[in-house]
Amino acid sequence: MYFSRMRNVLLFIFFCISTLCAQDSLEVSALPLDTAVSLKAETFIGVDSYNNFYYVKDRALYKKSKDKTIQFSDLRLGAISTVDLLNPLLITVFYAETNTAVILDNTLNEITRVNFNAIENFRNVSHARTASDRRLWIFNTDLQRLELFDYQNNRVDSNFTPQPDIAVELASDFNTCWVLTENNLYHYNQYGSLLEKLPATSLANIAVLDESLFGIQDKKLYIRTKQSASWQEIKNLPQDTKAFYLKAGNLYLYRSEKISTYTLKLPKS
């Protein structure tokens with residue numbers, strides 16, 4: 001009886017350890033290598049639901065499909081700082097050099113542009129990302145804070161608490177935004193509330209998918225899920241990742257002038 005109980009206890013402990021170990025890494029299964037797509041780009045941006053590829057080259061944004069390639073450029077605005085495909089019908093192209101955001105439709109035609117130098121209550125902006133309801137997440141360097149900016153009405157909808165240091169990078173979905181600085185990583189909701197504050201990491205190219213945060217360090221891809229307090233390397237991936245994009249459970253890696261597609265299996269809640 002005693003040995004039977006001990007056996008059950010040991011089996012239970014083994015099960016718990018196995019479960020914890022399984023959560024330390026993610027299973028990523030690669031699609032066939034012949035799905036790799038050649039692409040010569042300065043910056044790989046991402047992929048939409050119709051498998052169109054977006055990239056930046058020679059100060060222009062390109063959209064490449066099987067049949068054709070279209071582009072948007074305005075050399076007067078300088079180099080493109082970031083492109084946000086969160087909503088492919090309202091693409092946010094930001095030019096930090098000229099303090100301007102341009103909103104494009106899915107054919108890369110301009111819908112509107114926001115010149116932060118010309119609006120009322122002028123502000124210097126270092127980063128701009130897509131938010132909900134024709135708004136932008138912007139980082140105001142004059143006040144050292146994140147803002148939710150309504151570009152239809154040229155007004156700030158939500159004010160956030162000023163930060164002691166400037167933003168290095170933003171990662172967002174429609175309703176929340178992560179602000180990476182040299183010292184901290186801040187997580188806000190659209191109402192201006194600070195949800196979380198973490199020590200800064202050396203990760204870059206941060207992105208959000210299903211409330212999980214991703215980033216690159218030393219050309220390796222890492223994840224921080226909402227269930228985990230630590231960053232974990234995603235296993236079974238090439239070790240020379242240059243850029244990545246996440247869409248509908250697929251992971252697109254840009255490396256060696258090729259885009260490879262992987263199926264990403266996130267841990268269950």
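Note that the coordinates shown come from a computational prediction; the quantities given were computed from them, not determined experimentally.
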With Arg123 as partner, the option from Ile138, Asn117, Leu143 fulfilling side-chain contact (heavy atoms from CB on, under 4.5 Å) is Ile138
Starting from Trp178, can I reach Leu86 by hopping between I/L/V/M/F/W/Y residues whose side chains sit under 4.5 Å apart? no
Is any side-chain heavy atom of Ile259 closer than 4.5 Å to one of Ser38? no
Is Ser256 close to Asp240 at the side-chain level, that is, under 4.5 Å between some pair of heavy atoms? yes
Count the heavy atoms of every other residue, nucleotide or ligand shown that sit under 6.0 Å from CG of Leu194, and state whether that count exceeds 12. yes
For the backbone of Val125 and the side chain of Asn99, can you confirm whether one donor and one acceptor N or O come within less than 3.5 Å of each other? yes
Cationic N near anionic O, under 4.0 Å, Asp48 to Lys247: no
Kindly write out the residues that satisfy salt bridge (Lys or Arg N to Asp or Glu O under 4.0 Å) with Arg59, not counting sequence neighbours, or none if the list is empty. none
Student check: side-chain heavy atoms of Leu185 and Val179 closer than 4.5 Å: no
Residues that Asp157 engages under salt bridge (Lys or Arg N to Asp or Glu O under 4.0 Å), provided they are two or more places apart: Arg135, Arg155
Does any N or O in the side chain of Thr100 come within less than 3.5 Å of the main-chain N or O of Thr98, such that one atom is a donor and the other an acceptor? yes
Side-chain contact test, heavy atoms from C-beta onward, threshold under 4.5 Å: evaluate it for Phe139 versus Gln144 and give yes or no. yes
Crowding at CG, Asp218 (>12 non-hydrogen neighbours, <6.0 Å): no
Contact between Leu221 and Ile223 at the side-chain level, heavy atoms closer than 4.5 Å - yes or no? no
Minimum side-chain heavy-atom gap Tyr54-Lys64 below 4.5 Å: no
Short side-chain donor-acceptor distance under 3.5 Å, Asn184 and Thr181: no
Are Thr130 and Thr92 close enough that a side-chain donor and a side-chain acceptor fall under 3.5 Å? yes
Would Tyr252 and Phe44 count as a close aromatic pair, with their ring centres under 6.0 Å? no
For the pair Phe244 and Phe214, name the ring-plane relationship: parallel under 30°, tilted 30 to 60°, perpendicular over 60°. tilted
For Glu42, the salt bridge (Lys or Arg N to Asp or Glu O under 4.0 Å) test, sequence neighbours excluded, returns none
